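Scroll down for the structure; my scribbles are underneath it.
In what follows, chains are A, B, ... by sequence order, proteins preceding strands, each numbered from 1. Please read these numbers as outputs of a predicted model, since none were measured by experiment.
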There are 2 protein chains.
Amino acid sequence: MEQSKIPQATAKRLPLYYRFLNNLNHQGKARVSSKELSEAVKVDSATIRRDFSYFGALGKKGYGYNVEYLLGFFRKTLDQDEVTEVALIGVGNLGTAFLNYNFTKNNNTKIVMAFDSDPSKSEGNVGGVPIYHIAELEDRIGDVKVAILTIPASEADGITTRLVDCGIEGILNFTPARISVPEHIRVHHIDLAVELQALVYFLKHYPLDEGL
Amino acid sequence: MEQSKIPQATAKRLPLYYRFLNNLNHQGKARVSSKELSEAVKVDSATIRRDFSYFGALGKKGYGYNVEYLLGFFRKTLDQDEVTEVALIGVGNLGTAFLNYNFTKNNNTKIVMAFDSDPSKSEGNVGGVPIYHIAELEDRIGDVKVAILTIPASEADGITTRLVDCGIEGILNFTPARISVPEHIRVHHIDLAVELQALVYFLKHYPLDEGL
DNA sequence: CATAAGTCGTGATTAATTTCACAATAGTAT
DNA sequence: ATACTATTGTGAAATTAATCACGACTTATG
Ligand SMILES: NC(=O)c1ccc[n+]([C@@H]2O[C@H](COP(=O)([O-])OP(=O)(O)OC[C@H]3O[C@@H](n4cnc5c(N)ncnc54)[C@H](O)[C@@H]3O)[C@@H](O)[C@H]2O)c1
Ligand SMILES: NC(=O)c1ccc[n+]([C@@H]2O[C@H](COP(=O)([O-])OP(=O)(O)OC[C@H]3O[C@@H](n4cnc5c(N)ncnc54)[C@H](O)[C@@H]3O)[C@@H](O)[C@H]2O)c1
């Protein structure tokens with residue numbers, strides 16, 4: 001918990017690096033250069049070296065990085081050994097998709113319960129995850145600290161308040177609502193409609209070259 | 001297509017502003033200040049003013065912005081009057097969710113067709129969108145320029161090549177694969193597993209305050 | 001052992017984005 | 001009219017991120 005000096009932009013790329021290193025390891029590759037990594041994850045090689053350097057000297061000059069070592073290092077850094085439990089609120093179109101997927105592969109997160117207000121949904125399970133009625137939120141949530149929000153936007157504020165009262169620390173919000181939370185709670189918004197519109201805007205208004 | 005001087009960070013926020021202005025307009029509000037907007041969309045008010053200023057002086061000092069005027073301005077800027085047609089590839093968990101949703105509300109994008117390799121899926125429709133077999137991609141796609149990719153990662157490269165050959169210009173990629181495309185094609189990656197892992201990383205490693 | 005080729009780590013630089021802070025000005029009240 | 005208040009638009013500063021470019025070091029090769 002010491003390296004709070006790591007830039008946010010770097011932190012966001014770590015899971016990406018980790019996943020690719022994992023693939024390399026499974027393929028039996030022993031070494032990798034920042035150049036190879038760069039081509040695979042589409043991040044400039046200097047940026048990759050800089051990112052890694054925040055954690056110390058992980059590679060060897062003239063050689064590159066040892067895949068197994070680097071993977072082990074990131075496993076520790078990203079806490080891949082302890083599983084973070086997650087609750088999902090709203091078992092509709094999106095929620096069901098997430099439950100079926102459940103971020104299973106090389107991931108340290110697991111959706112362990114879901115809630116819905118529709119009584120016909122709030123029983124049984126989807127993808128092995130038990131669904132409870134939203135009225136049971138406070139009773140069931142236990143010490144789960146992360147929630148995924150896939151409810152209608154109009155419900156977002158009310159549910160957020162309840163989650164905060166339950167001691168939640170992080171929310172991945174898929175609703176278009178920009179929710180308000182106390183300062184110590186982290187919210188990441190993923191606004192799919194905005195992403196699509198932004199892509200269309202870039203296509204129409206930016207000269208046809210260069211990525212992102 | 002002139003204002004290519006608009007920062008990308010600004011461009012990505014435009015759809016968000018547009019949506020909120022639309023809400024205000026429906027509520028019958030006539031004026032709004034950057035401070036109010038800021039609270040609603042969780043973007044610093046100075047940033048909002050700066051963003052707007054790239055398009056000229058849209059507000060009035062001491063007063064704020066006229067909602068209707070601003071909305072009209074952004075409608076034109078964001079091409080809200082012409083609908084961009086989109087194709088979706090891969091009618092699985094995620095793809096089905098998107099088809100059912102179809103970005104209908106105040107949006108200028110519409111999924112008009114979908115493709116899947118599974119013969120049992122590639123007939124009929126989901127959410128009113130016709131599903132075709134992926135073999136028909138080249139015949140059916142017509143002049144659709146934007147695609148959403150919700151297929152397994154292993155299929156991403158092959159399908160991308162075919163899309164590029166069909167003249168696609170933008171891809172919203174939900175697979176974990178970092179696809180390679182010619183320079184003039186724009187790809188936005190939305191990597192849900194990475195987003196979740198990044199949130200967890202921030203929770204564990206960053207001091208408990210301030211958002212994003 | 002000497003030389004060549006490859007690659008890291010990083011200081012310096014550049015670019016992009018956000019934020020501060022305030023003069024200018026429109027609206028409002030008296 | 002005048003004073004007061006609110007709020008913009010924007011230079012300047014600060015912050016954050018990306019990129020360049022090269023010395024130092026490792027490995028491979030003859
Ligand atoms: N599906 C998409 O492709 C898509 C795209 C962009 C944004 N979104 C956003 O994601 C969210 C979910 O979308 P969706 O398509 O899955 O919607 P949906 O209507 O299919 O699902 C919402 C689910 O939430 C449940 N629900 C409603 N109120 C609740 C409450 N108070 N507590 C618990 N559960 C409650 C409903 O019963 C339903 O099952 C929405 O905010 C939507 O705007 C969805
Ligand atoms: N579902 C999630 O929550 C989730 C989360 C993170 C990432 N993803 C990624 O999104 C993608 C889709 O996920 P999903 O859960 O919807 O998978 P899925 O397996 O449910 O759906 C994939 C669909 O693609 C179809 N398909 C396979 N090969 C095809 C081809 N060559 N052409 C056309 N269609 C083809 C399959 O028939 C299937 O219907 C995957 O890459 C996955 O890694 C999904």
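Checking D/dT10, C/dT25, C/dG9 against the side-chain heavy atoms of B/Lys61 singles out C/dT25 as nearest.
Rounded to whole Å, the distance from CG on B/Leu70 to C1' on D/dT7 is 14 Å. Taking atom NZ on A/Lys5 and atom P on D/dT16, their separation rounds to 14 Å, with Å as the unit. The nearest whole Å value for the distance from the CD atom in A/Glu39 to the P atom in C/dT7 is 11 Å. The separation between A/Lys60 atom NZ and C/dA5 atom P is 22 Å, rounded to whole Å. Rounded to a whole Å, the OH atom of B/Tyr54 is 8 Å from the P atom of C/dT17. In this structure, the CD atom of B/Glu36 is 12 Å from the C1' atom of D/dA6, given to the nearest Å. Between the CZ atom of B/Arg49 and the C1' atom of D/dT7 there is a distance of 7 Å, given to the nearest Å. C/dA16 atom P lies 16 Å from atom CG of B/Asp51, rounded to whole Å.
A close approach under 4.0 Å does occur between a side-chain nitrogen or oxygen of B/Ser34 and OP1 or OP2 of D/dT8. Considering only side-chain N and O atoms, B/Thr47 lies nowhere under 4.0 angstrom from the phosphate OP1 or OP2 of C/dT18. Here A/Tyr65 reaches the OP1 or OP2 of C/dG9: one of its side-chain N or O atoms lies under 4.0 Å away. Proximity of A/Arg31 to the phosphate of D/dT26: no side-chain N or O atom is located under 4.0 Å from OP1 or OP2.
In terms of heavy-atom proximity, B/Asp116 sits nearest to B/Val91 at OD2-N, 2.7 Å. Across all their heavy atoms, B/Leu163 and B/Ala147 have their closest contact at CD1-CB, 4.0 Å. Closest of all the heavy-atom pairs between A/Glu138 and A/Cys166 is CG-SG, 3.8 Å. Taking every heavy atom of both residues into account, B/Leu203 and A/Glu169 meet most closely at CD2-O, 3.3 Å.
You'll find a donor-acceptor pair under 3.5 Å spanning the side chain of A/Arg50 and the base of D/dT19, going by distance alone.
Side-chain atoms of A/Glu36 come within 3.5 Å of backbone N or O of A/Ser33 as a donor-acceptor pair.
Sequence order on DNA chain C of the closest nucleotides to A/Ala46 and A/Gly64 puts A/Gly64 first from the 5' end.
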